[in-house]
Amino acid sequence: MKIVVGIPASEGIAIGKALVYERESNNEIDTLQLSSLTPNDAIKRFQEAISISISRLGKLARKTEVEIGPNEAAIFDAQILICEDDDFQQSVIKKINQGIPIDKAIWIVVDFYISKFAEMDNDYFKERALDIQDVGNQIIKALTGSNPNALMELTEKKIIVSRVLTPSDTVELPKKYVLGFLTEFGGPTSHVAIIARALNVPAVIGIPELTHQISQGDLLIIDGTNGHVIINPDTKTLGKYAVQQKKMVQNQQELQKFAKIQAKTQDGKLIKIQANIGSVDEVYRAMDHGADGIGLLRTEFLYLEKKDLPTENELFDTFKEILSAMREKAVILRTLDIGGDKDIPSLVLPKEENPFLGLRGSRFISDAQLRRIIITQVRAALRASSFGNLKIMFPMVSTLKEVLDLNTLVNECRSDLLANGYNIATSVEIGIMVEVPSIALCAEAVAPYVDFFSIGTNDLTQYVLAADRTNETIAYLYDHFHPSVFRLIQIVVNAAHKYGKWVGICGELASESLATPILLGLGIDELSMNINSIPKIKRQVTRQSMNKSKEILKTVLDLPTSKDVRKFLSQNSINDI
Ligand code: PEP
Ligand code: MG
């Protein structure tokens, strides 16, 4: 038995076997080993790699057909045909017999096929050149043992262990088989932490040397509340955690009662409790958990699985489905927020030294091509607006000029759509996220030009403390309970209320019951969070009074460190974690 410690990223206890997901295989070493194979062994390995690739492509084709459609699935079927093609296989074997290392032999033949397709007059065939390149990648991956689809192939309940997990890794996951997550990299608001909380499974991240300490199939216990992981526990420890796990499940069932109630403080202030979602399925879960609306629709999910950018019509269909399902309840649609730690297959952004400080989110409006992505989203959203209660929100805004430019962009989209006979709801609120300290500090200048502010404390914390939210080595600095975060929120709330605008919080801080009294004291109008936290925060709001919350706030704002804030709150408020 061994205990390792990391950053607690999602509460709860999980007990199960490890699936070690090796995303980055060391291709250089692997290909070196490949080049020393005899021709006979190399041919055998090549034939095995072909069978593995055909099987993986077949699975991808079936999944894509069900989830996206037959046209998209056809790409994989065409790739299977290339793998099966006798001429293709014989050409590679011939090169291997000539003494060319296996990986080079594959690329020579793949390149030859690519050039043949690229020379064709027909545009369709020209574009297929890329698909052939992908076949080459698939076969090499199969040869080097790297298994990009290991997560997709999950068929029994496992704890996922990986160095990193990106949005494109987790999009493949059959979520019902995930018991929990452990990663070597990442901070408390990195993608894997958000996914874990959305799935209601425990996660511990930032565990040094994790993948060297855990082997495939090891029995693990995750204590996501304390950030502990027990590898191959003894019977006594296993029994202790099994009892604790049972209690937690019972607690959660108890909490579910609060999903149905309205979140009203003891002195009658009603707080809207909304859901953060990142897929259509979650709309229905959000309603089950008592969400008063969708406070943050992360639209990135529409881009993660696709090789091409979604069209305006495709976006419109999804937005319409979500808005119709929520009926009169608000849906705050956040335009695409990629760059930083998030990327999508359909867009290759220039590599940046400091991506979190680079071309990200609404900064796309300053680039003629990337601007089109925002325009397409805004047009699709406005077209869908007549099917429900839509609000549009722009992420990663740093200056008043950006706010004014975004407003102009929305007005131009609106005028053009109306001129072309589309229906648009008469009122669509337009707001911005407050994630950058500059916009918080200048909120008073911005307030007249927006309908609302939604504070993204995940990014606000990283920018105000200059602590990369995904970097586990400085995770000790990254704490959204730092008094500087609350001081910035206070500036925003005061400015917004002065102009009659409302303020929400959609960062992870909203789901911390320890923070509820301060957020109430600050005058926040709505809180938006991962679905599973909704009942817990509803209960927490009902236990507070505005007077007491304001008193707590006064003290908190003068405390010097996040540790002091946490301590004071634990001692002076009802803490129901
Ligand atoms: C935030 O920054 O607080 C936020 C909600 O956005 P994301 O976590 O998607 O960056
Ligand atoms: Mg953010």
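Whatever order the structure lists ligands and atoms in, that order sets their numbers, starting from 1.
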J.: When you measure from atom 9 (O) of ligand 1 to every protein heavy atom, which one gives the shortest distance, and what is it?
T.: R298 NE, 2.8 Å
J.: Relative to ligand 1, is L460 under 4.0 angstrom through side chain, backbone, both or neither, heavy atoms considered?
T.: neither
J.: Just heavy atoms, cut-off under 4.0 Å: does I194 contact ligand 1 by side chain, backbone, both, or neither?
T.: side chain
J.: So, applying side-chain hydrogen bond (donor to acceptor under 3.5 Å, both in side chains) with W502, which one of H497, E429, E526 is it?
T.: E429
J.: Just to check, does R360 reach to within less than 4.0 Å of ligand 1 when the distance is taken from its heavy atoms?
T.: yes
J.: Give the atom numbers and elements of ligand 1 that come within less than 4.0 Å of a heavy atom of T457.
T.: 3 (O)
J.: For atom 6 (O) of ligand 1, what is the closest protein heavy atom, and at what distance to 0.1 Å?
T.: R334 NH1, 3.0 Å
J.: Which of the numbered atoms in ligand 1 are below 4.0 angstrom from a heavy atom of D459?
T.: 1 (C), 2 (O), 3 (O), 10 (O)
J.: Counting only heavy atoms not in F568, do more than 12 sit closer than 6.0 Å to its CZ atom?
T.: yes
J.: Among the N/O/S atoms of E435, which is closest to the Mg ion (ligand 2)? Give the atom name.
T.: OE2
J.: Quick test of your reading of the model: are E312 and R383 salt-bridged, counting only N-O distances below 4.0 Å?
T.: yes
J.: Between Y478 and E472, do the side chains contain an N or O donor and an N or O acceptor separated by less than 3.5 Å?
T.: no
J.: In terms of ring plane angle, is the pair F316 and F387 parallel, tilted or perpendicular, where the classes change at 30° and 60°?
T.: perpendicular
J.: Does a side chain donor of either D281 or S279 reach within less than 3.5 Å of an acceptor in the other side chain?
T.: no
J.: Any heavy atom of M433 sitting closer than 4.0 Å to ligand 1?
T.: yes
J.: Out of all atoms in ligand 1, which are within 4.0 Å of some heavy atom of L296? Include the element for each.
T.: 5 (C)
J.: Do the charged groups of D405 and R371 touch, with an N to O distance under 4.0 Å?
T.: no
J.: Can you tell whether the side chains of R469 and D459 come within less than 4.0 Å, N to carboxylate O?
T.: yes
J.: Show me which atoms of ligand 1 lie under 4.0 Å from any heavy atom of G456.
T.: 1 (C), 2 (O), 3 (O)
J.: Check whether any N or O atom of E508, backbone or side chain, sits under 3.5 Å from an N or O atom of ligand 1, and answer yes or no.
T.: no
J.: May I ask whether R469 has any heavy atom positioned less than 4.0 angstrom from an atom of ligand 1?
T.: yes
J.: Does K563 pair with D479 as a salt bridge, N-O distance under 4.0 Å?
T.: no
J.: Restricting to N, O or S atoms of D459, which is nearest to the Mg ion (ligand 2)?
T.: OD2
